[in-house]
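Every number for a ligand or one of its atoms is a count from 1 in the order of the listing.
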Amino acid sequence: MEHTLPELPFKPDSLAPHISAETFEYHHGKHHAAYVNNLNKLIKGTEFENMTLEEIISKAKGPVFNNAAQHWNHSFFWKCLRSKQTPELDEGFMMLINKTFGSLDSLKTKFSEAALSLFGSGWVWLVDNRDETLSIVSTQNAGSPASEGKKPLLVIDVWEHAYYIDYRNKRADYIEAFWPLINWDFVMRNHMKEKK
Ligand SMILES: [Fe+2]
């Protein structure tokens, strides 16, 4: 099965000045594309060739896992972003956030601290623990919380390639800029899917 680079769900210049078109040109057009190309090359003629992306991620190790998981993580990350005004969170989801973190502000603070303190390259996730609770989880490199049975709701990419063009070494500024770009509709839909 040939894996393909998904289109961005927004125009690449529509998130500026928070994230520039140039960042997407590299992050999506070069980095994400390279993971997809590498994956296709690596699985050719192997047991992974006819598996779905999710099956590969659950079974592979080493370079195949890394490229497959990076493909999945980036595809998910693009969907977490939106150019339009962030809508109101629905009451039920807000109650769950309040129950878990105390408030939306407190979730933001904890999520941002986790994203800032992650050493090296990786991802910070808001996950559904599948028991009516939420958590913030950090994963190194290509790691995914799905490997531990948790359902991803939201993610921020904190690899340097995600912010170096716009923010150089200032990861904190990138994290602050990320917050108003969150597609809460997508986050809530992920949570609803989990409940069914
Ligand atoms: Fe990335």
Side-chain angles (χ1 to χ4, degrees), residues 2-43 53-54 56-58 60-83 108 111-127 136-148 150-184 186-187 190:
E2 181 90 356
H3 298 273
T4 54
L5 181 68
E7 296 268 322
L8 287 173
F10 44 79
K11 288 197 178 125
D13 61 357
S14 63
L15 273 60
H18 306 287
I19 302 177
S20 67
E22 192 186 357
T23 287
F24 288 115
E25 188 189 321
Y26 280 84
H27 196 181
H28 174 258
K30 308 235 183 266
H31 291 282
H32 188 174
Y35 295 127
V36 176
N37 291 338
N38 289 340
L39 176 64
N40 284 326
K41 277 188 213 154
L42 286 164
I43 62 174
L53 186 59
E54 286 76 11
I56 295 172
I57 291 168
S58 71
K61 290 190 167 56
V64 174
F65 170 84
N66 287 335
N67 285 284
Q70 281 295 78
H71 174 28
W72 194 97
N73 290 357
H74 282 91
S75 302
F76 187 83
F77 177 56
W78 310 134
K79 292 183 198 161
C80 290
L81 301 171
R82 60 182 282 146
S83 53
K108 181 188 172 187
F111 190 89
S112 299
E113 279 171 5
L116 191 58
S117 64
L118 189 147
F119 187 76
S121 298
W123 303 82
V124 173
W125 311 77
L126 177 66
V127 300
I136 294 166
V137 172
S138 301
T139 58
Q140 295 281 342
N141 300 321
S144 165
S147 304
E148 287 156 23
K150 296 173 192 298
K151 164 83 183 173
L153 303 182
L154 168 72
V155 75
I156 183 169
D157 184 344
V158 291
W159 282 59
E160 217 169 55
H161 67 213
Y163 58 87
Y164 203 78
I165 291 171
D166 296 327
Y167 299 97
R168 297 299 174 200
N169 59 325
K170 294 181 183 137
R171 191 192 281 184
D173 291 357
Y174 158 69
I175 296 164
E176 191 64 29
F178 166 78
W179 202 257
L181 303 177
I182 295 172
N183 184 347
W184 287 107
F186 178 67
V187 177
N190 291 329

I'd like to know if the side chain of [X] and the backbone of [Y] have a donor-acceptor N/O pair within less than 3.5 Å.
X	Y	value
W123	Q140	no
N190	L154	no
H74	Q70	yes

Shortest-distance N, O or S atom of H27 relative to the Fe ion (ligand 1):
NE2
Any idea which N/O/S atom from D157 gets closest to the Fe ion (ligand 1)?
OD2
Taking backbone and side chain together, does H74 place any N/O/S atom at a distance below 2.8 Å from the Fe ion (ligand 1)?
yes
Mind telling me whether W159 and Y35 have parallel, tilted or perpendicular rings, with 30° and 60° as the class edges?
perpendicular
